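All of these numbers come straight from a predicted model, not from anything done at the bench.
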Amino acid sequence: MSRKDQLRIMVVDDTAVSRGLITQVLDWLRIENYQTCNDGKEALQAISQSPVHLVISDYYMPGLDGLGLLHGLRTTKGIERTGFILVTGRADETMMAKGRSLGMNNMILKPFTKEQMKTCIEQVVGPL
């Protein structure tokens, strides 16, 4: 069984279009085992019940933002080692420093190409 077949991913973004752009890349990569959530709180609850290997999350979301979700992952026993990619349209040094301090594995700026997202994912999970 290939890595793609085993990989479980959660895509978290409050905007359907943005979730769709990410899942289109996953489909292009032939990664079939993914779920989507439209907010950080819902995602954290779902991942706590059914862990995933990788979370690809938007930063700006109402309620629990991307870094809040990352903090929740890192402080919850059993899912604290989940891979995490932050997706954002604007990255400032304060956000990046906070992400690094929380254990963010990678980040990608919007807009991104499918090749850029593939490289970003592979830097976290290895070759696909």
Q) With hydrophobic residues grouped by side-chain heavy-atom distances under 4.5 Å, do V87 and V52 end up in a single group? A) no
Is L86 reachable from L54 through a run of I, L, V, M, F, W or Y residues, each pair having side-chain heavy atoms under 4.5 Å apart? no
Practice item. Evaluate whether atom NE2 of H53 has more than 12 neighbouring non-hydrogen atoms of other residues, nucleotides or ligands under 6.0 angstrom away. Key: yes
Under 3.5 Å, side chain of E80 to main-chain N/O of G78, donor-acceptor pair present?
yes
Tightest non-hydrogen contact, residues C120 and I108, listed as SG-CB, 4.0 Å
Closest non-hydrogen atoms of L67 and G99, given as atom of the first, atom of the second and distance, are CD2-CA, 3.7 Å
query: Are any non-hydrogen side-chain atoms of T82 and M10 less than 4.5 angstrom apart?
result: no
Here the gap from S57 atom OG to I85 atom CD1, rounded to the nearest 0.5 Å, amounts to 10.5 Å
- Within-4.5 Å side-chain heavy-atom neighbours: L102 and F84: no
Nearest heavy-atom approach of L109 to A91 is CD2-CB, 3.8 Å
d(S2 OG, I31 CD1) to nearest 0.5 Å is 9.0 Å
Is the backbone of D13 close enough, under 3.5 Å, to the side chain of R19 for a donor and an acceptor to pair up by distance? yes
CE (M104) and CG (L73) are apart, to the nearest 0.5 Å, by 13.5 Å
- Report yes or no: is the cationic atom of R90 (NZ for Lys, CZ for Arg) under 6.0 Å from the centre of the six-membered ring of Y59, at an angle within 45° of the ring normal? no
Quick check on the hydrophobic clustering: are V11 and I47 connected, directly or via other members, by side-chain heavy-atom contacts under 4.5 Å? no
Can you find a pair of side-chain heavy atoms, one from M117 and one from W28, that are under 4.5 Å apart? no
So CG of D58 and CD1 of I22: to nearest 0.5 Å the spacing works out to 7.5 Å
On a heavy-atom basis, the closest approach of N38 and E42 is OD1-OE1, 2.9 Å
Practice item. May I ask you to test the L21-K110 pair for a side-chain heavy-atom distance under 4.5 Å? Key: no
Notebook entry, point to check: Is the count of non-hydrogen atoms from other residues, nucleotides or ligands lying under 6.0 Å from R100 atom CZ greater than 12?
Noted result: yes
Check your understanding: Looking at side-chain heavy atoms only, is the closest gap between P62 and D39 below 4.5 Å?
Key -> no
- Please examine the side chains of M96 and M107, heavy atoms only from C-beta on, and report whether any two atoms are closer than 4.5 Å. yes
Is L70 linked to V55 within one hydrophobic cluster, defined over Ile, Leu, Val, Met, Phe, Trp and Tyr using a side-chain heavy-atom separation of less than 4.5 Å?
yes
Are side-chain heavy atoms of I56 and Y34 found at a separation under 4.5 Å? no
Self-check item: Test item: R8 side-chain N/O and S50 main-chain N/O as donor-acceptor pair under 3.5 Å
Solution: no
dist R30:CZ -> L128:CG (nearest 0.5 Å) comes out at 12.5 Å
* **Hphob cluster co-occupancy, V124 + V12, side-chain heavy atoms under 4.5 angstrom** => no
- Does the K4 side chain pair with the main chain of L29, one donor and one acceptor, at a distance under 3.5 Å? yes
- Message: Do Q123 and T119 make a side-chain contact, defined as non-hydrogen atoms from C-beta onward lying under 4.5 Å apart?
- Response: yes
Are a donor atom and an acceptor atom from the side chains of Y60 and D14 found within less than 3.5 Å of each other?
-> no
Separation between NZ (K114) and CG (L26), nearest 0.5 Å, reads 13.0 Å
